[in-house]
Amino acid sequence: MEQIQFDDKNMMDDALASQKFITETYNTFANECSDPQLKEQFVNLLEDEHRIQHEVFTEMQKRGWYQTEPAEQDKINQAKQKYLGQMNQ
């Protein structure tokens with residue numbers, strides 16, 4: 001059986017996946033929380049976790065481990081129009 005090496009890239013992949021899961025979970029908790037003080041705590045935690053997730057993402061991009069392609073300007077404009085239209089309804 002071949003062993004998978006748990007190198008820096010694998011650790012960063014795991015950290016990013018974990019952060020995505022954590023932010024998703026805290027977001028659900030914040031959305032469903034009825035106590036205002038507890039909700040505020042979840043929102044604060046969510047903001048912290050989003051910051052951490054972005055730091056991991058940025059570090060992976062710097063190292064060439066998470067490549068994204070820039071969006072085409074016409075697709076950006078379409079998305080803006082779509083969401084502006086939804087806000088105005």
Side-chain angles (χ1 to χ4, degrees):
M1 184 164 132
E2 182 181 333
Q3 284 190 320
I4 298 173
Q5 184 177 358
F6 205 65
D7 57 12
D8 287 348
K9 182 182 183 309
N10 290 15
M11 284 188 270
M12 295 291 277
D13 283 337
D14 185 62
L16 186 61
S18 295
Q19 286 307 126
K20 288 179 180 181
F21 176 76
I22 290 167
T23 55
E24 193 176 303
T25 303
Y26 282 154
N27 189 59
T28 299
F29 289 166
N31 285 336
E32 296 179 0
C33 190
S34 61
D35 181 89
Q37 291 175 325
L38 187 56
K39 181 182 183 89
E40 183 179 343
Q41 289 299 313
F42 278 123
V43 169
N44 290 337
L45 288 168
L46 180 60
E47 289 175 3
D48 291 342
E49 295 301 332
H50 272 294
R51 254 189 307 281
I52 294 167
Q53 183 273 333
H54 186 69
E55 289 171 7
V56 173
F57 170 79
T58 301
E59 186 60 34
M60 290 182 74
Q61 275 194 315
K62 284 182 196 174
R63 296 179 185 205
W65 296 339
Y66 198 113
Q67 298 301 314
T68 57
E69 294 193 23
E72 298 171 20
Q73 190 60 47
D74 62 326
K75 290 189 179 189
I76 294 171
N77 293 337
Q78 287 173 2
K80 283 182 184 178
Q81 291 304 312
K82 175 183 174 183
Y83 292 108
L84 284 174
Q86 289 177 357
M87 288 175 43
N88 295 328
Q89 291 180 356

Point-to-point distance, once rounded to the nearest 0.5 Å, from [atom1] of [X] to [atom2] of [Y]:
X: Asp35; Y: Gln41; atom1: CG; atom2: CD; value: 10.0 Å
X: Lys20; Y: His50; atom1: NZ; atom2: NE2; value: 12.0 Å
X: Gln53; Y: Glu24; atom1: CD; atom2: CD; value: 12.0 Å

Name all residues meeting the ring pair (Phe, Tyr, Trp, His ring centres under 6.0 Å) criterion together with Phe21; count only those two or more places apart in sequence or in a different chain, and write none if there are none.
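If we apply the ring pair (Phe, Tyr, Trp, His ring centres under 6.0 Å) test to Phe21, skipping adjacent residues, there are no hits.
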Other residues, nucleotides and ligands only: do more than 12 of their heavy atoms fall within 6.0 Å of CD on Gln61?
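Yes, enclosed.
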State whether the number of non-hydrogen atoms from other residues, nucleotides or ligands found under 6.0 Å of Tyr83 atom OH is greater than 12.
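Check fails, neighbour count at 12 or below.
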Are Ile22 and Leu45 in one and the same hydrophobic cluster, where Ile, Leu, Val, Met, Phe, Trp and Tyr link if side-chain heavy atoms are under 4.5 Å apart?
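Cluster IDs for Ile22 and Leu45 match.
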Could you see if Phe29 belongs to whatever hydrophobic cluster contains Leu46? Use Ile, Leu, Val, Met, Phe, Trp, Tyr and a side-chain cutoff under 4.5 Å.
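Yes; tracing contacts between hydrophobic side chains, which count when under 4.5 Å, links both residues.
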How far apart are the closest heavy atoms of Asp13 and Met60, and which atoms are they?
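Taking Asp13 first and Met60 second, the nearest heavy atoms are OD1-CE, 2.8 Å.
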Check Lys39 against Asn31 and note the closest heavy-atom contact, atom names and distance.
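So the two residues come closest at NZ-CA, 4.1 Å.
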Is any side-chain heavy atom of Met12 less than 4.5 Å from a side-chain heavy atom of Val56?
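Yes, their side chains come closer than 4.5 Å.
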Side chain Glu49, main chain Gln19, donor-acceptor under 3.5 Å:
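Such a contact is absent between Glu49 side chain and Gln19 backbone.
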Begin with the C-alpha distance, continue with both residues' side-chain angles, and end with the deciding distance and a verdict on side chain to side chain donor-acceptor pair (under 3.5 Å) for Gln81 and Asn77.
CA-CA 6 Å; Gln81 291 304 312; Asn77 293 337; over 6 Å; no
Scan residues 62-82 for pairs that pass ring pair (Phe, Tyr, Trp, His ring centres under 6.0 Å), counting only residues two or more places apart or in two chains.
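Only Phe57-Tyr66 qualify under ring pair (Phe, Tyr, Trp, His ring centres under 6.0 Å).
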Carboxylate-amine/guanidinium proximity below 4.0 Å for Arg63 and Glu59
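Looking at Arg63 and Glu59, the cut-off is met.
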